[in-house]
Amino acid sequence: MDHDHLKDRLLLPSSRAPANGPHQRRAAPTAGGPGGGAGVSIDVNGLKRRGGVRRSWVRVDAATGAAEAVEVAKPALMRRLDLPARDLRLLDPLFVYPSAILGRERAVVCNLERVRCIITADEALVLHEQDAAGGAAADEAVRRYVVELQRRLVDRTDDLPFEFIALEVALEAACSFLDSQAIELEAEAYPLLDELTAKISTLNLERVRRLKSKLVALTRRVQKVRDEIEQLMDDDGDMAEMYLMEKKMRMEESLLDDEDLQGVGNNHNNHNGFSSSVSAPVSPASTPPASRRLEKEFSFARSRHSSFKSSDSSQYNIEELEMLLEAYFVVIDYTLSKLTSLKEYIDDTEDFINIQLDNVRNQLIQFELLLTTATFVVAIFGVVSGVFGMNFEVALFSVPHAFEWSLIITGVCGAVIFCCFLWYFKKRRFFPL
């Protein structure tokens, strides 16, 4: 019966507006009158109630751990949990928002990777959309979260509040998922980088480029979760807002105190009326002090109730929640350090490849320099050939073996010049020889 009653409270009434009700509007007839075209009917009911689309949730009860599927609309959640629309927009599967943990007056809104839930002191609502991003993987993540939360509730051995148990399961699921992705990325990255180091090719460079894109995206997600946990740990007020069970108990105690004060006031009025009827008339001057004192008591109770949020937020012992957040902060920080090490390894590989390319470029420059020197030496032979090819008489042409001696002398001079260039290059350390 309690589950049915709670489900009735969560679900919106499925009442339908009549065909010509207030949510349906018909356009005015055309200017042609009866002979003109017929009026066009415009149904704006869907446009007005787009925010009231029901979404599938899995509700986990804090007392029994029972899970059930419910359909709740956004306006119903906003009214029931006093949540603004921007908080529920973080959980909308149609939008892509980074991870966030928001502590509110009556609920904790969590958007941690594939787990999107609203945690209260009495229940946890986990978003379960069949057409959400991720498909079967998202459904499996929701199922694992619900099963793990039920197991924690059944095997609970400490006095940890329900909202902290649900938050811990969500943090554990997010950290485990990100860590598994980091491990898979490491297993893919290191062999690929070693292969690229051994053989630089266009295919390997393209694979490393895609790997680096995955690494940047995963690092951004891990960094966001780490920043959210660190921000909560640094703000005592935000951590105090997440003590939902304790705030609920204090609110109930405050309401009971208010009822006791009202009962005392009613008894006091009845007693005054009875005494005035059986005793001598009392002067009106004696009644105002009692009424004013009673008004002061009621005003004090109302002020205490209205300032509950601001006055009690600093009285919670946040050490328990801080230790819980610190444990998962260490886990997510370790995952981030692994991704950082992988990024540094990629940067070192890129530096090594750049050094190799620079070395090859330097070798090409050295070879080009040697070719230029050899071309200069060969050009000397071209000069000698040009001199002997002139079309005029020279006495040297008639000397026997003059041509052979000219080639020998030219070759020796070219070799000497080439050796002089090599010696100069070695002296100036243009390249090791």
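Along the sequence shown, residues carry numbers from 1.
- At a threshold of 4.5 Å between non-hydrogen side-chain atoms, the residues L153 and F162 count as touching.
- Between the D179 side chain and the T335 main chain, no donor and acceptor come within less than 3.5 Å of each other.
- Comment: E172 engages R152 in a salt bridge, judged by a side-chain N to carboxylate O separation of less than 4.0 angstrom.
- Test D82, D87, I118, L83 against L77 for side-chain contact (heavy atoms from CB on, under 4.5 Å) and you get one pass: I118.
- With respect to the salt-bridge test (charged N to carboxylate O, under 4.0 angstrom), the residues E350 and K212 qualify.
- Between the CZ atom in R104 and the CG atom in D238 there is a gap of 8.5 Å [rounded to 0.5 Å].
- Relative to the ring axis of Y97, R89 does not place its NZ or CZ within 45° and under 6.0 Å from the centre.
- Looking at residues two or more places apart in sequence or on another chain, you find a side-chain hydrogen bond (donor to acceptor under 3.5 Å, both in side chains) between E206 and R209, R210.
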Derivation of the salt bridge (charged side-chain N to carboxylate O under 4.0 Å, His left out) call for R250 and E246: CA-CA 6 Å; R250 296 197 180 192; E246 193 166 345; 3.2 Å; yes
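- Checked by atom type and distance alone, the side chain of T64 never pairs as donor or acceptor with a backbone atom of D61 at under 3.5 Å.
- Here the closest non-hydrogen pair linking V72 and W57 is O-NE1, 3.6 Å.
- A donor-acceptor pair under 3.5 Å is formed between the side chain of N204 and the backbone N or O of K199.
- The side-chain heavy atoms of M233 and L321, taken from C-beta on, include no pair separated by under 4.5 Å.
- Interatomic distance, CG of L325 versus CE of M242, reported as 6.5 Å (0.5 Å rounding).
- In this structure, K343 places its NZ atom where only 12 or fewer heavy-atom neighbours from other residues, nucleotides or ligands lie under 6.0 Å away.
- Counting only N and O atoms by type, the side chains of Q231 and D227 include no donor and acceptor under 3.5 Å apart.
- Listed by chain and number, the residues in a side-chain hydrogen bond (donor to acceptor under 3.5 Å, both in side chains) with R143 are E140 (sequence neighbours excluded).
- Between R221 and E113 a salt bridge is recorded (basic side-chain N to carboxylate O distance below 4.0 Å).
- For an aromatic pair to be called close, the ring centres must be under 6.0 Å apart, and F376 with F421 satisfies this.
- Taking a 6.0 Å sphere around OH of Y190, one finds it holds more than 12 heavy atoms contributed by other residues, nucleotides or ligands.
- One distance of note links CG of N111 with NZ of K224; it measures 10.0 Å at 0.5 Å rounding.
- Side-chain contact between F367 and Q363 is absent, with no heavy-atom pair separated by less than 4.5 Å.
- Among V222, L112, V331, the single residue meeting the side-chain contact (heavy atoms from CB on, under 4.5 Å) criterion with C175 is V331.
- Counting only distance, with no hydrogens or angles, the side chain of E163 and the backbone of A121 share no donor-acceptor pair below 3.5 Å.
- Of the possible polar contacts, one joining the R116 side chain to the D92 backbone as a donor-acceptor pair under 3.5 Å is found.
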